[in-house]
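Owing to the predicted nature of the structure, the values given are computational and were not obtained by experimental measurement. Letters A, B, ... are given to chains in the order of the sequence lines, protein chains preceding strands, and every chain is numbered from 1.
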Amino acid sequence: MDQNFHDTNDDNSLKRRLLINQNKESSNGIHTREEIQNIIYEVSKGSKFFNNEKVKDDLSTEKMNALIQKAEIIKGKDLVVERSVVENKIKELKKNRNLDNFIDAFYASVHELENPELKDKPMAVGGERMLCTANYAARRYGVRSAMPGYIAKKLCPELILIPVNFPKYEAFASQIRQIFEVYDPNFQSMSLDEAYLNITGLINRITVKKNILFFNPDYSVKHNMSPVDVVNEIRNKIYLKTKLTASAGLAANRFLSKVCSDINKPNGLYVLPNNVEAIMEFVHKLNIRKVPGIGRVLEKTLNGLDITTCGDILKNNVLLYKLMSNTTFNFLLKRSLGLGDVEFSDAERKSIGVERSFEPIDNMELMILKLETMSSSLAEDLTEKNLKGLVLTLKLKSYEFKLTTRSKTLSNSIHTFEDIFSNSKQLLKAEFKERNFNLKVRLLGLQLSKLSSVSTLNENDGILKYLKRGRDPESEDYKCLDSTKREANKFICPVCQEIFTTELKISSHIEFCLHKSSSAVDAFPSKKNKCHRTNPMTKDNISQKSIFSFLETKNKKKIDKKTIFCPICNAISFDEENVAELNSHIDNCLRS
DNA sequence: TACATACAC
DNA sequence: TATGGTGTATGTA
Ligand SMILES: [Mg+2]
Ligand SMILES: [Mg+2]
């Protein structure tokens with residue numbers, strides 16, 4: 001067990017908190033981890049930032065200790081029912097495991113874009129106040145992205161700082177995306193330097209170029225390519241085109257492939273075979289912090305319960321079931337079984353905003369000037385994306401790093417500079433008054449949410465006449481959708497019900513969907529019941545005719561519903577088809 | 001609905 | 001001297 005989290009006397013917990021991005025251990029480091037930790041701690045000590053981190057860390061320690069106490073009580077109990085509920089969940093998850101997909105996670109080493117002469121010298125991109133990335137020579141010293149440059153220099157006095165050149169990185173990223181597009185038109189880029197590709201269909205029989213499908217029934221035979229061959233072909237093309245190296249992970253879902261892509265950095269590939277034994281062995285010893293979605297706080301909490309690996313999660317599943325929220329438990333359980341989330345594409349934007357840090361100011365007129373600039377910038381972004389928003393949020397960070405947000409729902413959606421500026425001024429003035437005109441901030445931000453589109457599209461064009469446009473909250477057909485979102489310009493695939501934002505995208509998608517089989521997806525739909533994406537490219541071809549009959553039956557309500565009573569309280573009943581709701585109820589019933 | 005917190009990149 | 005900006009999800013009241 002990690003003693004650090006139980007002992008706050010020498011600030012070990014805080015030290016670890018300050019050690020951002022350091023969890024990725026550098027193999028041949030100059031300093032030990034403890035040395036790095038102490039240097040950062042000593043340099044930071046006493047600053048406003050440090051003091052705020054201390055407050056937050058103490059709060060999270062308190063919460064963790066409360067949870068540990070609760071755990072002690074639970075451990076003494078006989079949890080027969082809970083155990084069986086969890087076992088059933090596991091059974092269900094295992095039943096739905098999908099090992100048919102080949103998901104590829106890429107990470108491009110963009111820091112290699114800088115001067116080749118600097119390759120062997122410690123170099124970081126960014127400034128004295130903040131770094132974006134660092135080369136491997138610098139990482140050996142403990143220099144990491146998201147670290148202030150001046151602290152990095154304490155770790156590595158000879159560190160060379162290179163100013164960021166965003167357009168340059170974007171240009172290279174765009175080149176790489178052009179390569180990705182050929183292999184998976186629905187690839188997801190997570191940032192400039194990271195992306196996921198689903199190459200399953202490519203392995204089977206289909207290839208795509210510029211949104212046009214090419215069917216190659218004997219693709220894999222003709223080219224004799226394995227998934228690994230495809231990944232290496234992509235990495236090679238990236239290198240030839242950009243001279244950048246890329247590391248990659250290949251596995252059955254995004255969670256696993258992402259973790260894998262981190263193993264052979266830089267310029268390497270790690271393959272996790274698509275079989276249950278290999279996957280279970282892999283996650284058994286996987287450190288929880290490596291799991292996307294587990295950050296420093298959840299790591300600390302779980303460590304407090306003696307949980308450090310995904311194997312520990314599985315071992316303690318009944319305890320976690322009682323201790324964590326439903327959502328968190330389901331998430332953890334899935335990861336401990338090597339399962340990812342259902343894949344979505346084209347998730348709609350939910351907010352758009354802008355924020356800026358500056359030398360702390362306490363003068364309202366100066367703050368209004370900042371708001372003016374940001375309102376203008378936000379209005380520009382909204383125009384570009386054709387959006388308007390109903391809720392305006394003002395974000396303030398005090399000179400002591402305390403965060404506050406103030407929001408209001410407007411009578412109408414807004415998108416112009418004038419509307420944003422005047423409403424943000426009102427929010428700021430109200431806050432000033434609220435604080436008796438004592439307000440000193442180092443950051444201001446504006447955000448619009450509850451977005452809708454300004455323009456409209458003709459829904460009777462092309463394939464759209466077969467689709468439902470927008471979302472009708474009254475309609476049973478859209479039961480799987482979140483009824484709170486009612487914006488226009490959503491195109492819903494009639495086959496798998498996936499949502500798209502443009503006609504082009506859905507037309508392309510439907511082509512895929514028409515050829516999918518009924519194979520299982522990775523795990524089950526998330527709590528929000530967003531529409532899942534089945535494997536779009538698999539073996540069984542479905543004829544055009546059968547698809548349209550499928551379309552028709554899809555809209556018919558089911559009859560002959562059976563009723564099931566909650567086995568715990570026996571008081572509430574559910575429809576047979578509403579298994580998710582029943583499960584959720586049982587969870588709450590057991591927890592209370 | 002409003003706000004805070006956690007997380008990714 | 002000095003610790004980012006953009007966006008999503010979730011818990012709580
Ligand atoms: Mg993590
Ligand atoms: Mg990145």
Side-chain angles (χ1 to χ4, degrees), chain A residues 17-18 20-21 40 43-44 46-53 55-56 59-60 63 105 107-108 110 125-133 144-154 161 164 166 169 173 188-196 254-255 258 262 289 291-301 324-331 341 344 347-360 374 377-378 381 390-397 399-410 427 431 442-451 482 484 526-528 530:
Chain A
R17 186 187 173 93
L18 295 169
I20 295 168
N21 277 340
I40 295 174
V43 176
S44 307
S47 69
K48 298 270 191 291
F49 176 82
F50 177 96
N51 292 338
N52 188 247
E53 289 299 301
V55 170
K56 288 199 282 189
L59 274 170
S60 76
K63 276 187 188 167
Y107 168 85
V110 285
V125 177
E128 295 289 327
R129 306 174 114 88
M130 187 54 58
L131 302 181
C132 294
T133 183
R144 293 290 187 279
S145 60
M147 178 183 277
Y150 82 96
I151 289 179
K153 281 181 169 172
K154 299 284 180 186
L161 290 184
V164 289
F166 192 78
Y169 309 143
Q188 299 173 281
S189 57
M190 309 308 287
S191 65
L192 274 178
D193 59 0
E194 281 189 53
Y196 294 106
R254 280 180 304 170
F255 155 52
K258 164 78 178 150
D262 197 49
R289 188 60 193 273
V291 177
I294 299 182
R296 56 185 178 182
V297 175
L298 189 49
E299 180 194 30
K300 173 169 152 171
T301 304
M324 315 300 278
S325 75
N326 218 322
T327 312
T328 305
F329 172 74
N330 289 333
F331 162 76
D341 280 324
F344 303 115
E348 69 216 84
R349 172 191 284 276
K350 292 189 169 149
S351 71
I352 183 164
V354 55
E355 66 186 62
R356 290 287 170 259
S357 288
F358 38 75
E359 288 300 310
M374 289 191 294
S377 160
L378 185 52
D381 291 350
L390 191 61
V391 177
L392 181 67
T393 303
L394 172 71
K395 181 169 167 181
L396 308 116
K397 192 192 277 177
Y399 74 113
E400 291 171 309
F401 291 86
K402 303 248 176 292
L403 268 172
T404 311
T405 58
R406 296 288 175 239
S407 67
K408 69 168 171 178
T409 301
L410 309 160
L427 282 167
E431 188 60 16
R442 69 181 332 278
L443 172 144
L444 285 171
L446 290 174
Q447 186 187 285
L448 274 169
S449 49
K450 293 266 168 89
L451 301 178
D482 181 348
T484 60
S526 76
K527 181 186 138 194
K528 290 196 100 179
K530 282 204 191 175

### Message
Can you see if the side chain of A:T328 gets near the phosphate of C:dT10 - specifically, an N or O under 4.0 Å from OP1 or OP2?
### Response
no
### Summary
With the side chain defined as heavy atoms from C-beta on, A:E355 is closest, among C:dG7, C:dT6, B:dC3, to C:dT6
### Message
Nearest to the side chain of A:V297, heavy atoms from C-beta on, is which of B:dA6, B:dA4, C:dG5?
### Response
B:dA6
### Message
At less than 4.0 Å, is any side-chain N or O atom of A:R129 found next to OP1 or OP2 of C:dT1? Yes or no.
### Response
no
#### Entry: Phosphate OP1/OP2 of B:dC9 contacted by A:K258 side-chain N/O (<4.0 Å)
yes
### Task
Name the nucleic acid region contacted by A:L192, choosing base, sugar-phosphate or nothing; use a 4.0 angstrom heavy-atom cut-off, strictly under.
nothing
#### Entry: Check: A:M147 and A:I40 side chains under 4.5 Å, non-hydrogen atoms
yes
### Task
Would you check if A:L394 and A:K408 make a side-chain contact, meaning some heavy-atom pair closer than 4.5 Å?
no
### Task
Check whether any side-chain nitrogen or oxygen of A:S357 sits under 4.0 Å from OP1 or OP2 of C:dG5, and answer yes or no.
yes
### Message
Closer than 4.0 angstrom, basic N to acidic O: yes or no for A:K56 and A:E53?
### Response
yes
### Message
Check this one for me: any side-chain N or O of A:T327 less than 4.0 Å away from OP1 or OP2 of C:dG11?
### Response
yes
### Task
May I ask you to say what A:E53 touches in the nucleic acid, namely base, sugar-phosphate or nothing, with a heavy-atom cut-off under 4.0 Å?
nothing
### Query
Rounded to the nearest Å, what distance is computed from the CG atom of residue A:L396 to the P atom of nucleotide B:dC3?
11 Å
### Query
Whole Å only: how far is the NZ atom of A:K395 from the P atom of C:dT6?
9 Å
#### Entry: Below 4.0 Å: OP1/OP2 of C:dG11 and any side-chain N or O of A:S325
yes
### Task
State which residues pass ring pair (Phe, Tyr, Trp, His ring centres under 6.0 Å) with A:F401; sequence neighbours excluded, sorted by chain then number.
A:F49
### Task
For A:K154, check side-chain hydrogen bond (donor to acceptor under 3.5 Å, both in side chains) against everything at least two apart and list the hits.
none
#### Entry: Rounded interatomic separation in angstrom, taking CZ from A:R17 and C1' from B:dT5
10 Å
### Task
May I ask you to say what A:S145 touches in the nucleic acid, namely base, sugar-phosphate or nothing, with a heavy-atom cut-off under 4.0 Å?
nothing
### Query
Is there a side-chain polar atom (N or O) of A:R406 under 4.0 Å from OP1 or OP2 of B:dC3?
yes
### Message
Applying side-chain hydrogen bond (donor to acceptor under 3.5 Å, both in side chains), can you list everything that pairs with A:T393, at least two apart in sequence or on another chain?
### Response
none
### Task
Round to the nearest Å and state the distance from A:Q188 atom CD to C:dG7 atom C1'.
15 Å
### Task
Would you please name every residue forming a ring pair (Phe, Tyr, Trp, His ring centres under 6.0 Å) with A:F50, sequence neighbours left out?
A:Y41
### Summary
Pairing string of DNA chain C (Watson-Crick or G-U wobble, both atom distances under 3.5 Å; | = paired to other strand) is ....|||||||||
### Query
Atom CZ of A:F166 to atom P of C:dT6: distance rounded to whole Å?
10 Å
### Task
With DNA chain C as reference, determine whether A:M147 or A:R349 sits nearer its 5' end, using the nearest nucleotide of each.
A:M147
### Query
Hey, does the side chain of A:K350 come within less than 4.0 Å of C:dA9's phosphate (OP1/OP2), counting only N and O?
yes
### Summary
Residue set satisfying side-chain hydrogen bond (donor to acceptor under 3.5 Å, both in side chains) with A:Y169, at least two apart, ordered chain then number -> A:E114
### Query
Which is true for A:V291 with a 4.0 Å heavy-atom rule: it touches a base, it touches only sugar-phosphate, or it touches nothing?
sugar-phosphate
### Task
Using a 4.0 Å heavy-atom cut-off across all strands, classify A:T393 as base, sugar-phosphate, or nothing.
nothing
### Message
Expressed as a whole number of angstroms, how long is the span from A:L443:CG to C:dA2:C1'?
### Response
16 Å
### Task
Could you check how far CD of A:E431 sits from P of B:dA2, rounded to whole Å?
14 Å
### Message
Less than 4.0 angstrom between a side-chain N/O of A:S191 and OP1 or OP2 of B:dA8, yes or no?
### Response
no
### Summary
Which of C:dG7, B:dC7, B:dA2 is nearest the side chain of A:T409? It is B:dA2
